[in-house]
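I have placed the structure first, in the form of structure tokens, so that the comments after it can refer back to it.
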Amino acid sequence: MTRPIIVFDLDGTLIDTAPDLLDSLNHSLAASELAAVDEAGFKRFVGHGGRVMIERAHNAQQRSLDVAEHDRLLKLFLDHYTLNIPGKSRPYPGVIEAIARFEKAGYLLAVCTNKYEANSLALIEALGLTRHFAAIAGQDTFAFRKPDPRHLIETIKLAGGDPHRAVMVGDSQTDIDTAKAAGIPVVAVDFGYTDRHVREFEPSVVISHFDSLTVELADRLIAASAQ
């Protein structure tokens, strides 16, 4: 029988990348002579990557943004972010222990993120975590990305897993909608990057710390999804 698999989102789920994303966002905003975003307001600017963050920040300050300028600022954002990996980014409390639990229990592990694949690989490698994951799929790994359920399903297949024996862990409506569309149970962390509580999006389970992400919980979710 195929080993069960647990698939993680990256930013706001496995790794707290907010300090570095905020620095890179403000680096790009400075080039447009816009006011910097502060840490308290950061979550409302997080979307599906740097492009959406830049757009939201401009909208918040009633500034128009044409395509050419948007592209220029995104390049500044990505260049700044890439050059500073891993920066201040660190795994959330309990992540390393959770990874060890699932490995010991025979689970495959994978990452499915809307971060660019190269940046995802670089970050995970810089933090010494690459060896734990059977697959790391970014927004450009396939011709589709979350919330398209194929992103999650193909990540599972790339890792050698079975979508019928899988659990998704994420921090946003995008993650939850993706898992639901794929018919896969989803655990939502409530400490990630969303301006609405994840409970509103009706995940299978909500947790506030990785200590609560147990093998028993994952086993139970997989068993229930098979009924």
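Predicted model, so just to flag it, every value in this text is computed and none were measured. Numbering of residues begins at 1 and proceeds along the displayed sequence.
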Set of residues satisfying side chain to side chain contact (heavy atoms under 4.5 Å, CB included) with respect to D71, sequence neighbours excluded: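 With sequence neighbours excluded, D71 shows a side chain to side chain contact (heavy atoms under 4.5 Å, CB included) to R51, V67, given in chain and number order.
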
Reference residue [X]; test side-chain contact (heavy atoms from CB on, under 4.5 Å); the match among [options]:
X	options	result
L73	L34, L29, I54, L25	I54
Y81	L83, N84, I85	I85
V205	V167, V169, L221	L221

Centroid-centroid distance, Y92 to F210, less than 6.0 Å: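 Centroid distance Y92-F210: not below 6.0 Å, so no.
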
Worked check of side chain to side chain donor-acceptor pair (under 3.5 Å) between H132 and E103: CA-CA 8 Å; H132 298 292; E103 286 183 327; 2.7 Å; yes

For the atom pair [atom1] ([X]) and [atom2] ([Y]), what is the distance rounded to the nearest 0.5 Å?
X	Y	atom1	atom2	value
S208	D190	OG	CG	3.5 Å
I124	S89	CD1	OG	11.5 Å
I156	I5	CD1	CD1	5.5 Å
F77	H70	CZ	NE2	10.5 Å
L76	R72	CG	CZ	5.5 Å
D20	H80	CG	NE2	9.0 Å

Residues that R220 engages under salt bridge (charged side-chain N to carboxylate O under 4.0 Å, His left out), provided they are two or more places apart: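 Partners of R220 by the salt bridge (charged side-chain N to carboxylate O under 4.0 Å, His left out) criterion come out as none, since no residue qualifies.
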
Check for a donor-acceptor pair, side chain of [X] on one end and backbone N or O of [Y] on the other, with a separation under 3.5 Å.
X	Y	result
S24	L21	no
N114	Q139	no
R199	R196	no
N26	A36	no
E117	G138	no
K157	L152	no
R63	A57	no

Is [X] linked to [Y] within one hydrophobic cluster, defined over Ile, Leu, Val, Met, Phe, Trp and Tyr using a side-chain heavy-atom separation of less than 4.5 Å?
X	Y	value
V37	L78	yes
V187	I6	yes
L217	V198	no
F142	L10	no
I136	I99	yes

Please determine whether side chain to side chain contact (heavy atoms under 4.5 Å, CB included) holds for the pair F8 and M168, giving the CA-CA distance in whole Å, both sets of side-chain angles, and the decisive distance to 0.1 Å. CA-CA 6 Å; F8 298 92; M168 174 75 186; over 6 Å; no

Kindly check if the number of other-residue, nucleotide or ligand heavy atoms within 6.0 Å of NE2 (H164) is above 12?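 12 or below, so no.
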
For E33, is the CD atom crowded, meaning more than 12 foreign heavy atoms sit under 6.0 Å from it?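 No, not enclosed.
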
Shortest non-hydrogen separation from [X] to [Y] and the atoms involved:
X	Y	answer
A159	L108	O-CD1, 3.6 Å
A137	T155	CB-OG1, 3.2 Å
D175	G170	OD2-CA, 3.4 Å
I222	A166	CG1-O, 3.8 Å
A218	F102	CB-CE2, 3.6 Å

Could you tell me whether the side chain of [Y] reaches within less than 4.5 Å of the side chain of [X], counting heavy atoms only?
X	Y	result
P91	L129	yes
H58	S64	no
D16	Y193	yes
R90	T17	no

Side chains of S32 and E69: do they bring a donor and an acceptor to under 3.5 Å?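 Indeed, the side chains of S32 and E69 share at least one donor-acceptor pair under 3.5 Å.
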
Checking side chain to side chain contact (heavy atoms under 4.5 Å, CB included) for the pair E200/Q173: CA distance, chi angles, key distance, verdict? CA-CA 9 Å; E200 295 182 35; Q173 182 178 6; over 6 Å; no

Basic-acidic side-chain contact under 4.0 Å: E154, R150: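 No.
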
So does K115 pair up with D11, basic N to acidic O under 4.0 Å?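 A salt bridge links K115 with D11.
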
For K146, the option from D9, T174, T178 that meets side-chain hydrogen bond (donor to acceptor under 3.5 Å, both in side chains):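 Answer after filtering D9, T174, T178: D9.
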
Take D162 and R3 through the test salt bridge (charged side-chain N to carboxylate O under 4.0 Å, His left out) and record every step on the way to the result. CA-CA 8 Å; D162 179 353; R3 292 162 62 190; over 6 Å; no

Residues which pass side chain to side chain donor-acceptor pair (under 3.5 Å) with E97, listed by chain and number, not counting sequence neighbours: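 Listed in chain order: nothing, the list is empty.
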
Assess the residue pair N119 and T82 against the criterion (side chain to side chain contact (heavy atoms under 4.5 Å, CB included)); give the C-alpha distance rounded to whole Å, side-chain angles, the decisive distance to 0.1 Å, and a yes or no. CA-CA 7 Å; N119 284 341; T82 301; 3.0 Å; yes

